[in-house]
Amino acid sequence: MSNFSAADHAHMAQALRLAERGLYTTTPNPRVGCVLVNEDAVVGEGWHARAGEPHAEVYALRAAGLLARGATAYVTLEPCSHHGRTPPCATALIDAGVARVVAAMRDPNPQVAGAGISLLTLAGIQVEVGLLEALARELNPGFVARMTRGRPWLRLKTASSLDGGTALGNGVSKWITGPHARADVQAWRARACAILTGVGTVLADDPRMNVRDIDTPRQPLKIVVDSHLRTPPTAQILHGRSLIVCALDDAVRRAALEAAGAEVLCIPGPNGRVGLSALIGVLAQRGLNEIHVEAGATLNGALLDAGLVDEWIAYLAPVVLGDTARGVFSLPPLTDMAGRPAFSLHDSRQVGCDLRLSLRPVTG
C-alpha cells in the first residue's frame, strides 16, 4: 500500500465531492470525479455528469490545458481503457503528459479491470490505487454490484413506529414520520435508477412514486410487481416511465396498461408469483444500478426472503401503533432464532424528529 500524504487525501476527498455532483444523473455510468494538481496547485477539476458526455478526466484536462503536463491526476475510479460512447480516458491522460495518477479504486467493469492502469504504467506514468477506496465504493454501490455479481444494489426503505408498525390496522399510514424524514426520502429516490413497489401499495394508496422537491433532470423508472395485472390503467404511478411485471399474462389487461404508456413484462416464478431474482437480473441487463424499494410487507418480505436486499433504510418515528398495526416484513414463521434475518448497523442519524438507520444484511 502506498504511503499517501495529507495533500493526497485532501485532493482525493475533493475528487469524491466532485463525483457526488453526478449522484442523480450518471446512470448507467458510475459517478466519477477528477482533480489535477501541478506543483501543489489545483489546475483542473471535472466530474462525469451523464452517459454519452465526457468523463471526469476529460473535463479536468480541458480546464488544466498545458498545465496538465507533469501533473498528478486524482480520480475516484480507474481511468477507462476502452472505446465506449467516449474515447478512453487513460489515453487522454497519457497524451496530456500527466506524470502520476492516483485512483481510489480499480474499475469493476470487466472491460476495464486493470487495463487502464496497465496502459498508464506502460506509458511510464506512476500509478497508485486505493486512496479512500471505501468512500469511492460507497458512491457507486450499484455500479460495483452490477459489474461484480450481475445484479443492481437493492435499497429497501421503510417508515415505521418504534414498535414496527407501518400502518394502522385499518390501513391508514399518513403520516408516521415527520416532514424532514419524508423530504429525506426524496434524495434516495432521486439517486436510484428505478423505484420498485407492489400492486398492493398501488391499489391502497395510488402513489405517484416520483421525485419531488429535488432539482434533478431525470425521473427514475417506476416498477410495479403485479402478478395478475391488477394495476388500474388510471393509476398515477403510470405517469412517466413505468414497468409492470406480472406472473400471469392477460392480453386485455396488458393492452389497457400499454395504452396507458406502461411496459408490461411477464416473469413467472414459483407459486404463481413474479420471479423476483429473475426480475433483478433483467434490471441489471438494462443497466440499472440502484433500485429503491417502497412497498408493503408482502413484497418487502419476499425480497428479504430471496436474499435480494442489500441495504435497508429504516425511518423510525418516536410513536407507538400497537399490536394491531401492520408490520414491515411478511415472512415465513421462524422456528428458531438461528434462522432470523440479521443486519449490521451501517449508519444512524436523526432526521427531524425521526431516526434513520442504514442497515446491511449480515452474510456468512
Side-chain angles (χ1 to χ4, degrees), residues 154-177 181-182 184-186 188-189 192 194-210 220-232 234-238 242-248 257 262 267 269-277 279-280 283 291-317 319-334 340-341 343 354 356-357 359 361:
L154 194 142
R155 183 181 290 115
L156 188 149
K157 168 260 168 182
T158 63
S160 67
S161 61
L162 288 177
D163 56 342
T166 61
L168 301 179
N170 61 7
V172 173
S173 61
K174 294 181 179 180
W175 296 101
I176 293 175
T177 53
R182 298 197 298 275
D184 191 59
V185 171
Q186 297 300 316
W188 293 112
R189 287 185 180 184
I195 298 172
L196 179 71
T197 192
V199 68
T201 298
V202 172
L203 294 174
D205 301 331
D206 193 22
R208 288 177 289 171
M209 290 290 184
N210 59 349
L221 172 69
K222 293 175 282 190
I223 306 170
V224 181
V225 175
D226 181 3
S227 295
H228 299 98
L229 292 180
R230 293 187 293 149
T231 300
T234 55
Q236 291 193 93
I237 203 166
L238 301 184
S242 56
L243 172 66
I244 311 297
V245 187
C246 65
L248 185 66
L257 290 167
I267 306 179
N271 304 316
R273 298 192 174 185
V274 170
L276 294 175
S277 294
L279 167 60
I280 296 302
L283 299 182
I291 309 301
H292 174 87
V293 180
E294 291 189 33
T298 300
L299 183 54
N300 288 346
L303 290 166
L304 184 62
D305 197 41
L308 297 173
V309 175
D310 296 303
E311 184 175 15
W312 176 16
I313 303 294
Y315 293 88
L316 297 179
V319 298
V320 172
L321 298 186
D323 62 1
T324 60
R326 299 183 181 184
V328 176
F329 295 102
S330 177
L331 291 168
L334 293 172
R340 62 187 175 177
F343 290 83
D354 305 307
R356 188 188 79 192
L357 304 179
L359 305 141

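Salt-bridge annotation for R356 and D184: present, with a side-chain N of the basic residue lying under 4.0 Å from a carboxylate O of the acidic one.
Annotation: side chain of I291 is in contact with side chain of L283 (closest heavy-atom distance under 4.5 Å). Looking at heavy atoms from C-beta onward, S161 lies out of side-chain contact with V320 at the 4.5 angstrom threshold. Side-chain contact between L203 and R230 is present, with at least one heavy-atom pair separated by less than 4.5 Å. L243 has its side chain out of reach of V224: every pair of non-hydrogen atoms, C-beta onward, lies at least 4.5 Å apart. The shortest distance between side-chain heavy atoms of V225 and L196 falls below 4.5 Å. A 4.5 Å side-chain heavy-atom check between W188 and K157 finds every atom pair outside the cut-off. Under the 4.5 Å side-chain criterion, counting only non-hydrogen atoms from C-beta, D310 is not in contact with P361. Side-chain contact check for L238 versus I244: some heavy-atom pair is nearer than 4.5 Å.
Distance OG/S227 to CD1/I267: 11.0 Å, rounded to 0.5 Å. Taken to the nearest 0.5 Å, the CG atom of L299 stands 12.0 Å off from the CD atom of E294. Put simply, CG on L248 and SG on C246 are 7.0 Å apart, with the number rounded to the nearest 0.5 Å. Atoms CZ and CG, on F329 and L303 in that order, are 9.0 Å from each other to the nearest 0.5 Å.
The two residues A247 and G272 make their nearest non-hydrogen contact at CB-O, 3.4 Å. Between G165 and L321, the shortest heavy-atom distance links the atoms O-CD1, 3.6 Å. Here the closest heavy-atom approach between residue T166 and residue I176 is recorded as O-CD1, 3.0 Å. Between S160 and G164, the closest heavy-atom pair is CB-C, 4.0 Å.
Side-chain atoms of T177 and D354 form no donor-acceptor pair, as typed in the model, at a separation below 3.5 Å.
Looking only at distances, no side-chain donor or acceptor of S330 sits under 3.5 Å from a matching main-chain atom of A297. The backbone N or O of Q236 lies less than 3.5 Å from a partner atom in the side chain of D206, making a donor-acceptor pair. Remark: side-chain polar atoms of R189 are paired, donor with acceptor, to backbone N or O of N210 under 3.5 angstrom. When atom types are taken as modelled, the side chain of D226 and the backbone of T231 share a donor-acceptor pair closer than 3.5 angstrom. Side-chain N or O atoms of D305 include none that pairs as donor or acceptor with a backbone N or O of P332 at under 3.5 Å. Within the 3.5 Å criterion, the main-chain N or O of K222 finds no donor-acceptor partner in the side chain of S242.
The side chain to side chain contact (heavy atoms under 4.5 Å, CB included) with V293 is formed by just one residue from the set I195, I313, N300, L308; it is N300.
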Practice item. Given side-chain contact (heavy atoms from CB on, under 4.5 Å), test V202 with T197 step by step and report yes or no. Key: CA-CA 8 Å; V202 172; T197 192; 4.0 Å; yes
Point to revise | Verdict with supporting geometry, F343 and L357, side-chain contact (heavy atoms from CB on, under 4.5 Å) | key: CA-CA 11 Å; F343 290 83; L357 304 179; over 6 Å; no
Practice item. Could you give me the CA-CA distance, side-chain angles and deciding distance for D323 and D163, then say whether side-chain contact (heavy atoms from CB on, under 4.5 Å) is met? Key: CA-CA 8 Å; D323 62 1; D163 56 342; over 6 Å; no
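Residues satisfying the side chain to side chain donor-acceptor pair (under 3.5 Å) test with T158, not counting sequence neighbours, are W312.
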